[in-house]
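Below: one structure, written as structure tokens.
When a ligand or atom number is given, it counts from 1 through the structure's own listing order. Numbers here simply count residues along the sequence, with the first being 1.
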Amino acid sequence: MQKKVRIVLVNTSHPGNIGGAARAMKNMGLADLYLVAPKQYPSDEAVSRASGATDILENAVVVETLEEALADCQLVIGTSARERNIPWPLVDPRQAADLVFDEGLETAFVFGREDRGLTNEELQRCNYHVHIPSVETFSSLNLGAAVQVIAYELRMKSLLMKDAPVVASKWDVPAANVEQIDYLLEHLEKVLVQTEFLDPEMPMQVMPRFRRLFQRSRLDQQELGMLRGMLTSMEKQMKK
Ligand code: SAH
């Protein structure tokens with residue numbers, strides 16, 4: 001069963017691309033647009049490029065940080081034209097659309113800046129990376145075009161699923177959301193510094209790898225509560 005899907009555009013430079021994304025979304029039946037620190041917004045150019053999808057622009061949520069845009073999401077899929085140092089679970093747009101419908105979670109698709117894409121840190125906040133399989137020698141699509149491809153695959157999947165029986169959630173406890181996983185990671189880092197497992201002067205890639213592990217295992221809220229409780233009990237013992 002599918003929950004709402006939001007499109008998150010990070011630090012967009014050209015307002016025309018925001019309008020183009022809104023139009024692509026409306027064509028394919030998506031409505032929830034989040035703009036993280038857009039360079040120029042609101043803008044007449046965005047309205048003109050949206051060409052009738054102005055309701056999506058009017059209802060767009062503008063926030064300062066990616067954390068705010070994702071706080072209540074349970075599944076985050078980041079789009080990137082480039083491969084990164086620490087490999088992350090990688091899917092193509094069709095597989096991403098399958099995940100959205102199979103998992104039935106509050107989902108965000110995150111898109112990067114026109115010139116530099118998403119930073120490694122921003123991509124590490126995602127459960128999956130989706131790569132649109134463009135040719136290697138010219139791999140980067142225009143931002144609005146990338147939104148169009150993802151929105152199209154979601155639309156195709158929704159049409160396929162229209163007559164499928166509605167299945168109740170497969171899991172007994174709701175999935176943790178991004179904000180809860182962030183708190184867990186902050187708590188874990190604090191305890192690991194105290195136990196000297198983690199050297200704050202030389203953190204290496206320990207925390208991104210823990211992040212990848214927790215995001216990959218799709219923690220539910222009870223499991224997350226147990227991990228938080230375990231950390232608190234360790235802190236108490238250390239204080240004794
Ligand atoms: N030069 C940037 C590309 C920016 S294109 C870079 O190297 O990352 C703007 C945005 O469109 C990207 O951040 C991504 O969100 C999306 N995009 C463009 N091409 C893509 C592709 N092949 N696969 C997935 N997303 C893509």
Side-chain angles (χ1 to χ4, degrees), residues 4-28 30-41 43 45-46 49-50 53 56-57 60-70 73 75-101 107-157 178 208 211-212 215:
K4 276 196 171 170
V5 175
R6 72 182 62 164
I7 298 291
V8 181
L9 306 184
V10 178
N11 223 198
T12 310
S13 302
H14 302 297
N17 283 334
I18 298 178
R23 180 179 187 173
M25 288 170 64
K26 187 157 174 147
N27 285 146
M28 299 296 139
L30 295 175
D32 295 338
L33 177 62
Y34 281 65
L35 304 173
V36 178
K39 294 258 165 66
Q40 205 187 321
Y41 193 81
S43 132
E45 203 188 336
R49 281 280 304 279
I56 304 229
L57 293 179
V61 181
V62 182
V63 291
E64 273 309 304
T65 63
L66 182 57
E67 284 78 358
E68 290 168 81
L70 301 180
C73 290
L75 176 66
V76 182
I77 303 178
T79 58
S80 176
R82 286 179 291 134
E83 281 183 22
R84 308 291 168 134
N85 289 348
I86 312 182
W88 230 249
L90 190 68
V91 291
D92 67 30
R94 201 154 296 170
Q95 292 166 323
D98 288 344
L99 283 167
V100 171
F101 283 79
T107 303
F109 279 87
V110 186
F111 294 82
R113 302 156 186 80
E114 291 91 334
D115 53 347
R116 291 181 294 120
L118 293 168
T119 63
N120 286 338
E121 211 170 76
E122 287 163 346
L123 264 174
Q124 284 168 359
R125 305 190 66 82
C126 304
N127 299 91
Y128 291 91
H129 290 180
V130 52
H131 178 253
I132 299 165
S134 46
V135 295
E136 274 165 34
T137 46
F138 194 62
S139 64
S140 167
L141 278 74
N142 163 264
L143 175 58
V147 172
Q148 183 75 76
V149 171
I150 299 297
Y152 168 75
E153 288 296 346
L154 289 168
R155 172 80 178 149
M156 286 301 284
K157 183 73 184 179
V178 166
R211 179 178 278 283
R212 185 175 63 172
Q215 290 179 170

Just verifying a value: how many Å separate [X] [atom1] and [Y] [atom2], rounded to the nearest 0.5 Å?
{"X": "Arg212", "Y": "Trp88", "atom1": "CZ", "atom2": "CH2", "answer": "6.0 Å"}
{"X": "Ile7", "Y": "Ile150", "atom1": "CD1", "atom2": "CD1", "answer": "7.5 Å"}
{"X": "Thr107", "Y": "Lys4", "atom1": "OG1", "atom2": "NZ", "answer": "13.0 Å"}
{"X": "Asn27", "Y": "Arg155", "atom1": "CG", "atom2": "CZ", "answer": "10.0 Å"}

Ligand 1 versus Ser134: contacting region, heavy-atom distance under 4.0 Å: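 Only the side chain of Ser134 comes within reach of ligand 1.
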Residue portion contacting ligand 1 (non-hydrogen atoms closer than 4.0 Å) for Asp115: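 Contact part for Asp115 vs ligand 1: backbone (N, CA, C, O).
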Test applied, side-chain contact (heavy atoms from CB on, under 4.5 Å); reference residue, Leu66; option that passes from Thr119, Val8, Val76: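 Of the listed options, the one satisfying the test is Val8.
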In the protein, which heavy atom is nearest to [atom], and how far is it?
{"atom": "atom 22 (N) of ligand 1", "answer": "Ser139 O, 2.9 Å"}
{"atom": "atom 3 (C) of ligand 1", "answer": "Ser140 OG, 3.2 Å"}
{"atom": "atom 6 (C) of ligand 1", "answer": "Arg82 NE, 3.3 Å"}
{"atom": "atom 15 (O) of ligand 1", "answer": "Thr79 OG1, 2.6 Å"}
{"atom": "atom 20 (C) of ligand 1", "answer": "Ala81 CB, 3.7 Å"}
{"atom": "atom 12 (C) of ligand 1", "answer": "Gly112 N, 3.9 Å"}
{"atom": "atom 2 (C) of ligand 1", "answer": "Gly117 N, 3.6 Å"}
{"atom": "atom 23 (N) of ligand 1", "answer": "Ile132 N, 2.8 Å"}

Shortest heavy-atom approach to atom 19 (N) of ligand 1 - which of Asp92, Val8, Leu141: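 Answer by nearest heavy atom: Leu141.
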Proximity winner for atom 24 (C) of ligand 1, if only heavy atoms of Ala21, Ala146, Ser80 are counted: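 Looking at heavy atoms only, the winner is Ser80.
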Non-hydrogen side-chain atoms of Val61 and Arg6 separated by less than 4.5 Å: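 Of all side-chain heavy-atom pairs linking Arg6 with Val61, none is under 4.5 Å.
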Ionic contact status for Arg116 with Glu122, cut-off 4.0 Å: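 Answer for the salt bridge query: no.
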Close approach of Val149 to ligand 1, heavy atoms, under 4.0 angstrom: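 For ligand 1, residue contact (heavy atoms, under 4.0 Å) with Val149 is absent.
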